[in-house]
Number of protein chains: 2
Amino acid sequence: MGLSIVSSTLPPRGSDLPLLLLLGFRALIDDVHAELAEAGHAGFRPLHGVTFKAIGDGVTASELGRRLGVSKQAAGKTIEGLEREGYVERVSDPGDARSKIIRLTPRGVDVQQQAFKVMADLRARWAERLGEGRMTAIEDALREMTADRETRFDIPGWFNG
Amino acid sequence: MGLSIVSSTLPPRGSDLPLLLLLGFRALIDDVHAELAEAGHAGFRPLHGVTFKAIGDGVTASELGRRLGVSKQAAGKTIEGLEREGYVERVSDPGDARSKIIRLTPRGVDVQQQAFKVMADLRARWAERLGEGRMTAIEDALREMTADRETRFDIPGWFNG
DNA sequence: CACGATCGACAACCCCATTGTCTATTAAGG
DNA sequence: CCTTAATAGACAATGGGGTTGTCGATCGTG
C-alpha cells in the first residue's frame, strides 16, 4: 500500500528532459507575470506575450491569424480583447485601404519593455546562482539544438491539438 | 525600409531565455509525437501526455479535474476522448461505490512506454551532440532552478488564462 | 480595364468548458 | 444506529471562443 506511488511503468532515466524544460519555462513565465501584475498589468496573460511577439512591429489581422495558427476572425477576437485593455490599436494602412495595421500602443510597449527587463533580471539571477559559464552554456546548447526549428507562435493549437 | 525588421523596442540581452526553453521543449515534444504517429498513435496529442501524467496510477474524474485545473465535467469529456481511442478505461472503485477509477489500458501503457523511450533516445542524441557533461549540466541546472516549484498539470488554463 | 486574390466585417454554427442541480454514497459524531 | 456534512458522478442550461461561409471593397497583374 505504501508503495502505491511507485508506478508499474517506470519512466527510464533521461526521459524527463522535456518536463525539465517545461518547468523552467513555466517558472520564468510565472515570475514575469507576477511582476507584471504588481506593475498594474494583472490582466496580462502568457498568451498575450506570444501574441505580442507575433504582432512584432505591426501586422494585419489576417497575417496575425496565420502566425498564431488560427483563423483571422479568431485573431480579430483576441485583438478586441487586447484593444479593450489598451495594449494594441488598429490604424489604417496608408499603403493599402483594405488593411488595418495592428500595433502596440505606448501602454503595450510599456508592458513589453517591463517583461523584457524582468526576463533579463531573472536570467541574471539564474546566472548568479549557476555561474555565468553554466548559464551561457545552457543558452548556447539550446540555441544549437533548436537552430533548425523556426519560431512558431501557434502554441495553444499546437499543444491542445 | 530594409531595416523594418529592427524593432523600435529592442529586447535586451538575456531576455530570450524563456523562448529558448520553450523552443527546446517544443522541439522534443514534436519529435516524440512524430515518432508516436509512425507507431500507430497519430491521434495522440501533447495534451494527452500531461493528462497521462496527471492520471498516474489511477484517479477519479474529480481528482483529475483538480490536477488539470479544470472542472470535473471537463475532465470527464477529455476522458471520453481517450476512452474512445482505447487509451484509458474506467473501472468501479471496489472501495468506494461512488467512484470510478480512470487508468491506462495496455494500449495506453504502450504509448507511454514508447514516449518514454523516444524521449530517452532524443536525450541521448542531444547528449551526443553537446557532450554528456554539458547535457547533465543543463539537467542539473534546470532541476536546481525549479526545485522549489511543484509540478503542475494545468497547462492550457495556465497559458491561455 | 478586367480578373483573381486578399482584406476586414458580419452571420450562423459548433465545440468545449463552465456553473448549477440532482441522487447515491461515504465519513464523522452524537 | 441515525443524523448530518462532504463528495462522486450524471444531467441540464449557459456562455465564450473558435470555425466556416459570405459579402463588398480594394489591390495587383496582365
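Atoms considered below: every heavy atom in the structure, side chains included; atoms not considered: hydrogens, waters and symmetry mates. To find a chain, count down the sequence lines: A is the first, B the second, and so on, and within it residues start at 1.
Atom CD of B:Glu80 and atom P of C:dA17 are 11 Å apart (whole Å). B:Leu64 has its CG atom 14 Å from the C1' atom of D:dA8, to the nearest Å. For the pair B:Ile155 CD1 and C:dA17 P, the computed distance is 15 Å after rounding to whole Å. In this entry the distance linking CD1 of A:Ile102 with P of C:dC7 reads 11 Å, nearest Å. A straight line from NZ of B:Lys72 to P of D:dA10 spans 10 Å, rounded to a whole angstrom. Atom P of nucleotide D:dT7 and atom CD of B:Glu63 are separated by 12 Å, given to the nearest angstrom. Distance CD (B:Gln73) to P (C:dC22): 15 Å, rounded to an integer number of Å. Atom-to-atom, NZ of B:Lys100 to C1' of D:dA8 comes out at 10 Å; the value is rounded to the nearest Å.
Of the listed residues (B:Val59, B:Leu64, B:Thr60), just one forms a side-chain contact (heavy atoms from CB on, under 4.5 Å) with B:Ser62, and that residue is B:Thr60.
Judged by the 6.0 Å distance and 45° axis criteria, A:Arg152 is not positioned over the aromatic ring of A:Trp158.
Contact check, B:Ser99 against D:dA8: no side-chain N or O comes under 4.0 Å of OP1 or OP2. When the side-chain nitrogen and oxygen atoms of B:Ser71 are compared with OP1 and OP2 of C:dA17, none of them lie within a distance under 4.0 Å. Taking side-chain N and O atoms only, B:Arg66 has a distance below 4.0 Å to OP1 or OP2 of D:dA8.
Between A:His48 and A:Tyr87, the ring planes are tilted. Angles from 30° to 60° get that label.
A centroid separation of less than 6.0 Å is found between the aromatic rings of A:Phe44 and A:Phe52.
For B:Asp96, counting side-chain heavy atoms from C-beta on, the closest listed nucleotide (D:dG18, C:dG8, C:dT26) is C:dT26. For A:Arg98, whose side chain is taken as the heavy atoms from C-beta onward, the closest listed nucleotide among C:dA24, C:dA17, C:dA5 is C:dA5. Of the candidates D:dA8, C:dC7, D:dG9, D:dG9 carries the atom nearest the B:Ala61 side chain, counting heavy atoms from C-beta on. Of the candidates D:dA10, C:dA9, D:dG9, the closest approach to any side-chain atom of B:Ser62 belongs to D:dG9.
For B:Leu47 and A:Val59, each mapped to the nucleotide of DNA chain C holding its nearest heavy atom, the one lying further toward the 5' end belongs to A:Val59. When each of A:Thr78 and A:Ala97 is assigned the nucleotide of DNA chain D with its nearest heavy atom, A:Thr78 is the one assigned upstream, toward the 5' end.
Within a 6.0 Å radius of CZ in A:Arg103, no more than 12 heavy atoms belonging to other residues, nucleotides or ligands are found.
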